[in-house]
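Along the sequence shown, residues carry numbers from 1.
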Amino acid sequence: MSTDPISFLFDGDANAKLTIVLAHGAGAPMDSPFMNEMAVALTKGGLRVARFEFPYMAKRRLDGKKRGPDRAPVLIPFLGEVVSQLGGPEMLILGGKSMGGRMASMVADDLGVAGLVCLGYPFHPPGKPDNLRTEHLAKLVTPTLICHGTRDPFGSPDEVAGYELSDAIRLHWVEDGEHDFKPRKSSGRTQSQNISDAASAISDFAITLI
């Protein structure tokens with residue numbers, strides 16, 4: 001694993017008690033509209049936000065070529081380097097969007113971070129409910145909050161209710177939200193409302209870690 005400096009995108013008060021480290025999803029960068037809006041919403045709750053890109057996404061930023069994400073054996077050690085370069089785990093909440101949150105959940109216990117936040121956890125691939133990505137979640141020790149849309153094709157409320165999840169995991173259900181928390185117009189809600197509500201739930205969760 002390279003020890004080259006990682007390029008972080010910071011938002012919020014540098015003196016905040018906790019920093020939430022957000023990894024991007026499989027196909028969108030750290031400054032996607034969703035990630036930008038979520039970062040701003042989290043700073044309103046008193047959190048500092050640190051965003052970064054996995055190497056495959058950083059390469060895309062340089063050359064413009066779309067490439068699929070690296071496998072977990074590459075992504076997971078990189079998360080360890082992210083935590084190390086931010087100065088240690090004790091005051092960090094590790095997490096991310098979809099794939100980024102899943103990778104964070106696989107390493108949170110080993111890294112000893114204060115907490116874990118997953119934004120739209122990919123419990124299973126869409127249309128493949130038997131292909132579960134939950135085995136490690138039954139043994140998770142790190143305090144965890146999963147924010148998940150009620151219409152997310154990566155796991156419905158009924159499906160999630162049947163999973164064996166650790167007592168360390170809390171769920172915040174994003175009302176009528178898709179995988180990016182976007183609701184239907186008929187719901188009377190907006191994506192911005194759902195992002196704001198999720199950020200508030202994360203801020204409340206963070207308070208319990210201090």
Side-chain angles (χ1 to χ4, degrees), residues 8-13 16-26 28 30-32 34-54 75-76 78-80 82-83 86 88-123 133-134 136-137 139-150 152 154-155 160 163 165-175 177 179-181 191 194-210:
F8 291 100
L9 183 59
F10 290 104
D11 297 273
D13 185 357
K17 291 183 178 179
L18 288 172
T19 295
I20 181 166
V21 186
L22 290 183
H24 54 81
M30 65 179 174
D31 56 355
S32 68
F34 176 91
M35 294 287 279
N36 285 340
E37 190 166 355
M38 179 59 74
V40 171
L42 289 168
T43 64
K44 292 178 180 178
L47 290 167
R48 185 191 191 208
V49 182
R51 288 178 277 169
F52 68 94
E53 289 179 338
F54 290 110
L75 301 178
I76 286 177
F78 190 78
L79 282 171
V82 165
V83 169
L86 286 171
E90 299 85 3
M91 303 310 293
L92 298 180
I93 300 172
L94 188 61
K97 177 78 180 79
S98 193
M99 180 207 74
R102 181 190 174 205
M103 292 300 108
S105 73
M106 296 173 73
V107 74
D109 284 352
D110 291 336
L111 293 179
V113 292
L116 170 69
V117 168
C118 300
L119 305 171
Y121 187 88
F123 291 102
R133 299 158 169 166
T134 59
H136 67 289
L137 297 182
K139 304 172 184 177
L140 198 63
V141 175
T142 303
T144 299
L145 178 67
I146 297 176
C147 299
H148 198 79
T150 59
D152 193 325
F154 287 81
V160 174
Y163 299 154
L165 301 178
S166 164
D167 290 339
I169 297 175
R170 308 179 195 180
L171 282 159
H172 168 75
W173 288 105
V174 179
E175 187 176 342
H179 195 51
D180 60 358
F181 298 172
Q191 185 183 33
N194 279 348
I195 288 174
S196 179
D197 286 352
S200 293
I202 293 167
S203 295
D204 291 343
F205 167 69
I207 291 172
T208 69
L209 305 177
I210 298 174

Inset, instruction - Show the numbers, then the answer: is there a side-chain contact (heavy atoms from CB on, under 4.5 Å) between V49 and M38? - result: CA-CA 9 Å; V49 182; M38 179 59 74; over 6 Å; no

If you compare all heavy atoms of [X] against all heavy atoms of [Y], which two are closest, and at what distance to 0.1 Å?
{"X": "E175", "Y": "T150", "answer": "C-OG1, 3.9 Å"}
{"X": "L42", "Y": "S203", "answer": "O-OG, 4.4 Å"}
{"X": "F8", "Y": "A50", "answer": "CD2-CB, 4.4 Å"}
{"X": "I93", "Y": "L116", "answer": "CG2-N, 4.0 Å"}
{"X": "L111", "Y": "G80", "answer": "CD2-CA, 3.9 Å"}
{"X": "M30", "Y": "M35", "answer": "O-CB, 3.2 Å"}

Inset, instruction - Using side-chain contact (heavy atoms from CB on, under 4.5 Å) as the criterion, point out the one residue from T142, L145, L18, V113 that pairs with L209. - result: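 Considering T142, L145, L18, V113, a side-chain contact (heavy atoms from CB on, under 4.5 Å) with L209 is found only for L18.
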
Just so I know, are the side chains of [X] and [Y] near enough to count as touching, which here means a heavy-atom distance under 4.5 Å?
{"X": "T144", "Y": "S105", "result": "no"}
{"X": "M99", "Y": "L75", "result": "yes"}
{"X": "R170", "Y": "T208", "result": "yes"}

Legend entry - Counterpart residues, ring pair (Phe, Tyr, Trp, His ring centres under 6.0 Å), relative to F123 (two or more places apart):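 Y121, H148, Y163.
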
Legend entry - Residues which pass ring pair (Phe, Tyr, Trp, His ring centres under 6.0 Å) with F34, listed by chain and number, not counting sequence neighbours: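 Only F181 meet the ring pair (Phe, Tyr, Trp, His ring centres under 6.0 Å) criterion with F34.
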
To the nearest 0.5 Å, what is the distance between [atom1] ([X]) and [atom2] ([Y])?
{"X": "L137", "Y": "M106", "atom1": "CG", "atom2": "CE", "value": "9.5 Å"}
{"X": "D11", "Y": "I20", "atom1": "CG", "atom2": "CD1", "value": "11.5 Å"}
{"X": "S32", "Y": "E37", "atom1": "OG", "atom2": "CD", "value": "10.0 Å"}
{"X": "I207", "Y": "L47", "atom1": "CD1", "atom2": "CG", "value": "8.5 Å"}
{"X": "R51", "Y": "N36", "atom1": "CZ", "atom2": "CG", "value": "4.5 Å"}

Inset, instruction - Could you walk me through whether L22 and L119 pass the side-chain contact (heavy atoms from CB on, under 4.5 Å) test, one step at a time? - result: CA-CA 9 Å; L22 290 183; L119 305 171; 4.2 Å; yes

Inset, instruction - Dump the intermediate steps for side-chain contact (heavy atoms from CB on, under 4.5 Å) on L165 and V160, then the final yes or no. - result: CA-CA 9 Å; L165 301 178; V160 174; 4.2 Å; yes

Inset, instruction - Any chance you could lay out the side-chain contact (heavy atoms from CB on, under 4.5 Å) test for D152 and H179, step after step, and finish with the verdict? - result: CA-CA 5 Å; D152 193 325; H179 195 51; 2.7 Å; yes

Inset, instruction - Please answer whether the main-chain N or O of V174 pairs with a side-chain N or O of N194 as donor and acceptor at a distance below 3.5 Å. - result: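 No: the side chain of N194 does not pair with the backbone of V174.
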
Legend entry - Donor-acceptor pair, side chain of H24 and main chain of F54, under 3.5 angstrom: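 Answer holds: yes.
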
Legend entry - By side chain to side chain contact (heavy atoms under 4.5 Å, CB included) - contacts of P122 (at least two apart):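 Applying side chain to side chain contact (heavy atoms under 4.5 Å, CB included) to P122 gives S98, R102, R133, F154.
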
Inset, instruction - Over 60° means perpendicular and under 30° means parallel, so classify the ring planes of F78 and F52, tilted if in between. - result: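 Judged by the thresholds at 30° and 60°, the geometry between F52 and F78 is tilted.
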
